[in-house]
Number of protein chains: 2
Amino acid sequence: MRFQRSRETGGRVSTTPTVYDVAERSGVSIATVSRVYRNPDSVREKTRERVLAAARELGYVPSGNARGLASRSTGVLGLCFPDYSDPDTETEAADTDDDHAFMLYSDQIIRGMERAARRHGYALLIAASLKGGPESLVAKVAGRVDGFAVLARTVPTEDLDVISRRLPVVMLAGPRESDHLDHLDHIEVANEDGQRELTRHLIEDHGLRRLVFVGGEERAPDAQARFRGYQEACRAAGLPAGEEPDLRAEMMTQAEGARAADALLDRAGPGDGASAPVQAMLFANDQMAIGALHALERRGVRVPDDVAVTGFDGIPLGRLVRPALTTVRQPMRQLGEEAVELLVRRLGEERDREPVDLMLPVDVVRRASCGCAGRPAHGDLSGAEAG
Amino acid sequence: MRFQRSRETGGRVSTTPTVYDVAERSGVSIATVSRVYRNPDSVREKTRERVLAAARELGYVPSGNARGLASRSTGVLGLCFPDYSDPDTETEAADTDDDHAFMLYSDQIIRGMERAARRHGYALLIAASLKGGPESLVAKVAGRVDGFAVLARTVPTEDLDVISRRLPVVMLAGPRESDHLDHLDHIEVANEDGQRELTRHLIEDHGLRRLVFVGGEERAPDAQARFRGYQEACRAAGLPAGEEPDLRAEMMTQAEGARAADALLDRAGPGDGASAPVQAMLFANDQMAIGALHALERRGVRVPDDVAVTGFDGIPLGRLVRPALTTVRQPMRQLGEEAVELLVRRLGEERDREPVDLMLPVDVVRRASCGCAGRPAHGDLSGAEAG
DNA sequence: TTGAAAGCGCTAACAA
DNA sequence: TTGTTAGCGCTTTCAA
C-alpha cells in the first residue's frame, strides 16, 4: 500500500489527477485504468465507460513521462539540427517576402521525418543547437526519444559516441565523421556525383572552359565533396583544376557569395580581360550563388551572357531569383523519410543489423543562370525549367 | 534501500546505465550524480569530474522521462496540427518541383515556434493528426510537454477541454470554438480585415463590379470570416453580396478551385455574355485560386485581362504561378512565435492571467492576377511585387 | 558539500 | 476480466 496521497478526493486540493484518482473515483484498480488507455479491449465495456467518465470529470491526462519510464519507450523520434539561419537573410524584420520563400534544409528534413514518423505512429521532437546551452543539445533530446537523427556536425562527436551506444542514431549528410562513429547508420547525398555532372554540363553542353569554384571551409565535408566532383569533371575534360577551390567561404552565406564574385571579378583585372575572363562561377551552395547574382547585377555583369553561375542545394529561392539559378537539388525530404525508416527498423526487428550507409542520388536542375532554359514566363504555371 | 539491481556492475549484463551505476562507479551517492547534471556548481569540482568520467565510460544519458516524472516538467513545448496536405499536390511521386515550392502553413508555424522555443530553452514536439489513432493525438502530445499549441479544429473540442484544465494550451487561428474553451489563450489572424481590404482594392482601384466569392465549408471559421470581409466590402461599395458564398468547396484544394472556376464560367453561359460576365473570382484560399488559374488557362480565359483572380494565405507557390497570385498574406511564422511567448509566460509568472485573444494583422499582396504589377522578370532578383 | 530515503505516475508480470 | 505489487530512473527534502 502506497502512502496516503496528500489530497482529499472531495476536498479541493487541486493536484493533477493520476491513475489513483481515476481508479478511486470509478471503483476499480489502477491497473484497470491503465488498461483502458493502453488496450481498451481488454476491459469490459461497462467498466471502461465508468473509467473514462471518471477521467473526464477529473481532467485526467496520462503522464507521458511516467508511461515512458515504466515502459521504456516514448513513441517519439528526434531530430537535432544546427542553427542554420543565414545571418544575411535573417533580418530583424522577420516576415519579409524573401524570408517566406526561403525554406531551408532543415524544414524539408523536418517535413520528411514528420511524415514518415506519423506513418509509424511516432511523434517528432525537434531541437536546434544553441551554443552554450547548459546541457548538450543531444543529451536533452536523447533522453526523451526512442531514437534520433542528427545533421552532420551539429553535436560534438564525443557526445554522439556515448549516446549512440544506448539508442539508435542516424547521421544525416556529410560523410562518416570518424571511425569512432562507425556504428551509426548514415545517410548521405551524392554531392560528388552531382557537382561532377553539373560541371560536365557547363563544359560539354555550354562549351565553357574557364571555370572557377568557390568552396567552403576545409572541414565542411559536403563542400569538399562537391569540390572533388568539380575537379574530376575538369580533369576528365582536360581542363586545369587546382588542388584547392579558387576561393573558400566560411559561412557560405549570400554576403560571402557576393564578396567572392567581386573578388573574382577584380582578380581578373577590372574591365576587358588582359587575363582571359572567367566564363563560369560555380558555388558550393545556392546561398552564395544567389549573393553572387546580386553582386554581378550591381556591377553590370550579365548572367549568363557574360558569365554562368551555378549553385548547389536546390532551395526554392533559387527559382525565384532572376536569372533563375541552375543548381543541383538535394532530396532533403527523402533524407528525412529514410532516416525515420532506418530508425524504426532498428527499433524493431533489425536491432542488431550492421550499420548501413545510404547514398541518395541528386538531380541537376538546369535553369537560366547557366544559359539553359528561359521560356517566357507568361502562361507558364509551374515556373520555367529545362530538362 | 532499494532492492539489489539485477545486474553485476562488472559482469557484462548490458542494461542502459542509470544514476546508480554512475554513483557506484564514481563512489558517490545518486543524489550527487543528479546534482552534477542539474546544478554542477553545487558539487566540488573534483567530485564532479569523477562523476562525469564514470558517466562517460558507462555511456550514461539521463532519462528525460525519469527527470520529467520527478520534477514535473519536461522542457518541451508541443504543436498539434491537422494533416493538411492537399491531396491534389501530394502525389506519390513525392519530390516534384511543385511540391518543393509548396510550403504549408504548418511549416511556417513550426519554424516560428521552434525558433521561439529555442530562445527560451525549450524543444518542440510536433505531431500531426492521423485519423483513427488509438489514443487521441492530443493525449499523446499533452502527456509529454509543458504546454502546447493546437491549430484550430485539429482535435476534438472535448479533449481540449479536459486537457486545458491541466496545462497551458493556446489555440491558433480560427475563432474561439465555443464557450467551453474560453479559458484557452487564443491567437487569430485578421481574416475579415484582410479579405475586406483585398475586395475593396478590386472594387475601388481596379473598378471591378461583378465579383464572385468561392468559400469553404460553413464550419470552417477562417473561410467564413473571409467571406464576411468580402460581404462588407461589397456592401460598403453598394454592390450586391448574398448571404452565402457563390460557391463552397469542401477541402479547398486545387482541384476544387479548378472545378469552381469551370462552374462559374459555365454558369454565365458559354462564350459571350448574355448575362454579364464575372470580372473577378475571389477564392477563400490560395490553393483554390491556383487551381482556378489552371482551369482558366485551359479554357483560354486570360487572367487578369478577362477576369481577375485572388487567393488568401500567401503560400510561396502563389508567387511562382503565372500570373503571380494576388493574395492576403498570413503571418504564420509570427503566429508560431507568439504562441510560444504566450505559453512560456503562462508557465512562468503569468500562471493565472486571464486568457488573452490576440489578433495578428495581415498584408494584402498585390501581384499580377488582379491586374497589378507585372514588371519584367529579368534583372529583378526578388520577384516582382507591387506595393 | 554530500547522503538517505521517499516518492513522481505509470506499466507489467503474476495472481486471482 | 480484474487486482496486487514491484519497480522504471530520477529529483528533492531533510539530515549530516
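Below, read A as the first sequence line, B as the second, and so on, with proteins coming before strands; counting in each chain starts at 1. All of these numbers come straight from a predicted model, not from anything done at the bench.
Here C/dG7 presents its C1' atom at 15 Å from CG of A/N65, a figure rounded to the nearest Å. For the pair B/R166 CZ and C/dC8 P, the computed distance is 16 Å after rounding to whole Å. Rounded to a whole Å, the CD1 atom of A/I30 is 15 Å from the P atom of D/dG7. Atoms CG (B/L69) and P (C/dG7) sit 14 Å apart, rounded to a whole Å. Distance OH (B/Y60) to P (D/dC8): 14 Å, rounded to an integer number of Å. Here C/dG9 presents its P atom at 15 Å from OH of A/Y37, a figure rounded to the nearest Å. The nearest whole Å value for the distance from the CD atom in B/E24 to the P atom in C/dG3 is 13 Å. For A/R67 and C/dC10, the CZ to P distance is 8 Å, given to the nearest whole Å.
The side chain of B/T47 lies closest to C/dT2, out of D/dT2, D/dG7, C/dT2. Among C/dC10, D/dG3, C/dT11, the nucleotide with an atom closest to any side-chain atom of A/Y20 is C/dC10. Listed nucleotides: C/dA12, D/dG9, C/dG9. Nearest to the side chain of B/T18: D/dG9. For B/A70, taking side-chain heavy atoms from C-beta onward, the closest of the listed nucleotides D/dG3, C/dC8, C/dG3 is C/dC8.
The phosphate of D/dG9 has neither OP1 nor OP2 within less than 4.0 Å of any side-chain N or O from B/S63. Contact between the side-chain N/O atoms of A/S29 and the OP1/OP2 oxygens of D/dT4 is not found at any separation under 4.0 Å. Using a 4.0 Å cut-off, some side-chain N or O of B/R38 falls inside it from OP1 or OP2 of D/dT12.
Judged purely by atom type and a 3.5 angstrom limit, B/R48 has no side-chain atom pairing as donor or acceptor with the backbone of B/R44.
A residue-by-residue look at B/S42 and B/A66 shows that B/S42 has its nearest nucleotide of DNA chain C further toward the 5' end. Residue-to-nucleotide proximity on DNA chain C shows that, of A/S34 and B/R44, the 5′-proximal contact is made by B/R44.
Heavy atoms of B/V33 sit nowhere under 4.0 angstrom from any nucleic acid atom. If you check every strand for non-hydrogen atoms under 4.0 Å, B/V43 touches sugar and phosphate atoms only.
Atom CD in A/E341 sits 7.5 Å away from atom CD in A/E337 (nearest 0.5 Å).
Under the side-chain contact (heavy atoms from CB on, under 4.5 Å) rule, B/Y37 has a single partner from B/L52, B/V43, B/V22, B/V19, which is B/L52.
The pair B/R118-B/E114 meets the salt-bridge criterion, since a charged nitrogen lies less than 4.0 angstrom from a carboxylate oxygen.
Using modelled atom types, one finds a donor on one side chain and an acceptor on the other under 3.5 Å when comparing A/S34 with A/R38.
Residue B/R35 places a side-chain atom within donor-acceptor reach of the base of C/dG3, judged by atom type and a 3.5 Å distance cut-off alone.
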